[in-house]
Amino acid sequence: MLSKCNIGFAITGSFCTFDKIKIEMKKLVNTGANVIPIFSFNTQQLDSRFGNAKDFMEEIEAIAGNKAICTIPQAEPIGPKNLIDLLVIAPCTGNTLAKLANGITDTPVLMAAKAHMRNNRPVVISISTNDALSNSLKNIGVLMNMKNIYFVPFGQDNHVKKPYSMIAHTDLLIPTLEAALEKQQIQPIVRSPFSGEE
């Protein structure tokens, strides 16, 4: 199903999930999909204890086999030129969730989403946020009620030390994308990493 698709793969700054994202992007490329990376400004600019931004970007471009979209002007033509069939934001931080829910377009990732959504095509969100069950919860609710928005199933990653934190089950990214192309939300959406469902 994905083998003939052009897929925008937008990456925001939840650095702790980058290793998982690389694994899923490799799987996606192996389906035959044409994967186009899109980087938020923070992903491009911030080094962290999880790695160097420049090295990460180069690795992602090598996996995808395409140069990344790195600016707002580069992202804008996604809409009028119908460049992609599907957009995934993985990982999607609480900051990006909030801006997407409130129509703010100030990064390449958010412009890509805005441009793509005008074409009535699916956007898949793979959340990673420490405040999913506090400040970000209302934004998750808003986005769940928006047309053409789908979520990779997610759950609490450490309910003892981080009781408000939730992350996506990234191993379900491809099934979520396939369902989204059929205008379906994979179920159940909320799953716990500690429930034996992984």
Side-chain angles (χ1 to χ4, degrees), residues 1-40 42-44 48 50-70 75 78 83-93 96-97 100 108-109 112-113 116 121-129 132 143 148-157 166-198:
M1 180 182 292
L2 299 175
S3 62
K4 297 180 181 179
C5 289
N6 295 309
I7 299 176
F9 201 115
I11 301 172
T12 69
S14 179
F15 307 106
C16 62
T17 63
F18 281 4
D19 283 344
K20 290 182 179 179
I21 293 305
K22 287 186 284 189
I23 291 169
E24 297 310 313
M25 181 179 280
K26 288 175 184 177
K27 292 179 185 177
L28 190 55
V29 169
N30 287 339
T31 70
N34 179 40
V35 177
I36 303 165
I38 305 163
F39 293 123
S40 71
N42 284 345
T43 303
Q44 296 176 51
S48 74
F50 298 101
N52 177 277
K54 182 176 181 292
D55 292 341
F56 174 73
M57 291 173 63
E58 289 175 353
E59 187 173 359
I60 287 293
E61 288 181 328
I63 292 169
N66 284 309
K67 292 292 289 182
I69 291 173
C70 294
I78 284 173
L83 296 181
I84 58 177
D85 302 298
L86 189 152
L87 176 70
V88 56
I89 306 175
C92 183
T93 61
T96 298
L97 278 172
L100 188 60
V109 168
H116 179 63
R121 290 179 175 170
V123 174
V124 170
I125 295 173
S126 179
I127 69 167
S128 178
T129 174
L143 291 168
N148 295 319
I149 299 284
Y150 304 91
F151 280 81
V152 178
F154 53 86
Q156 289 175 276
D157 52 308
M166 300 186 88
I167 61 172
H169 292 251
T170 53
D171 57 311
L172 295 174
L173 178 63
I174 288 177
T176 305
L177 297 178
E178 292 173 337
L181 285 174
E182 299 294 327
K183 304 289 186 180
Q184 298 292 322
Q185 170 63 58
I186 190 172
Q187 297 287 346
I189 302 175
V190 178
R191 310 184 189 199
S192 171
F194 305 102
S195 67
E197 293 177 350
E198 281 195 314

Identify the two heavy atoms, one from [X] and one from [Y], that lie closest to each other, and give their separation to 0.1 Å.
X    : Y    : answer
S3   : T31  : CB-O, 3.2 Å
I189 : I186 : CG1-O, 3.8 Å
P108 : Q44  : CG-NE2, 4.2 Å
K22  : I60  : CG-CD1, 3.8 Å
S40  : V109 : N-CG2, 3.6 Å

With a 4.5 Å cut-off on side-chain heavy atoms, are [Y] and [X] touching?
X    : Y    : result
L2   : L177 : yes
F151 : T176 : no
N66  : P37  : yes
I78  : I69  : yes
T17  : T170 : no
I167 : S128 : yes

**Report entry** Contact list for residues 25-38, test salt bridge (Lys or Arg N to Asp or Glu O under 4.0 Å), sequence neighbours left out
**Finding:** E24-K27

Distance, nearest 0.5 Å, that separates [atom1] of [X] from [atom2] of [Y]:
X    : Y    : atom1 : atom2 : answer
N42  : S14  : CG    : OG    : 11.5 Å
F154 : L172 : CZ    : CG    : 12.5 Å
I125 : L97  : CD1   : CG    : 6.0 Å
I127 : M166 : CD1   : CE    : 6.0 Å
I89  : L100 : CD1   : CG    : 5.5 Å

Please table the atom pairs, donor to acceptor, closer than 3.5 Å between any side-chain atom in residues 4-12 and protein atoms at least two apart or in another chain.
unit_1	atom_1	unit_2	atom_2	d
N6	OD1	N34	ND2	2.9
T12	OG1	P91	O	2.6
T12	OG1	T93	N	3.2

Query raised in the report: With F18, which of F50, F39, F56 fulfils ring-ring contact (aromatic ring centres under 6.0 Å, His included)?
Result: F56

Query raised in the report: Could you give all pairs that pass the side chain to side chain donor-acceptor pair (under 3.5 Å) test and reach residues 177-190, with sequence neighbours left out?
Result: N148-K183

Requested in this report: Give a yes or no on whether the backbone of V152 and the side-chain of H169 come within a donor-acceptor separation of less than 3.5 Å.
Outcome: no

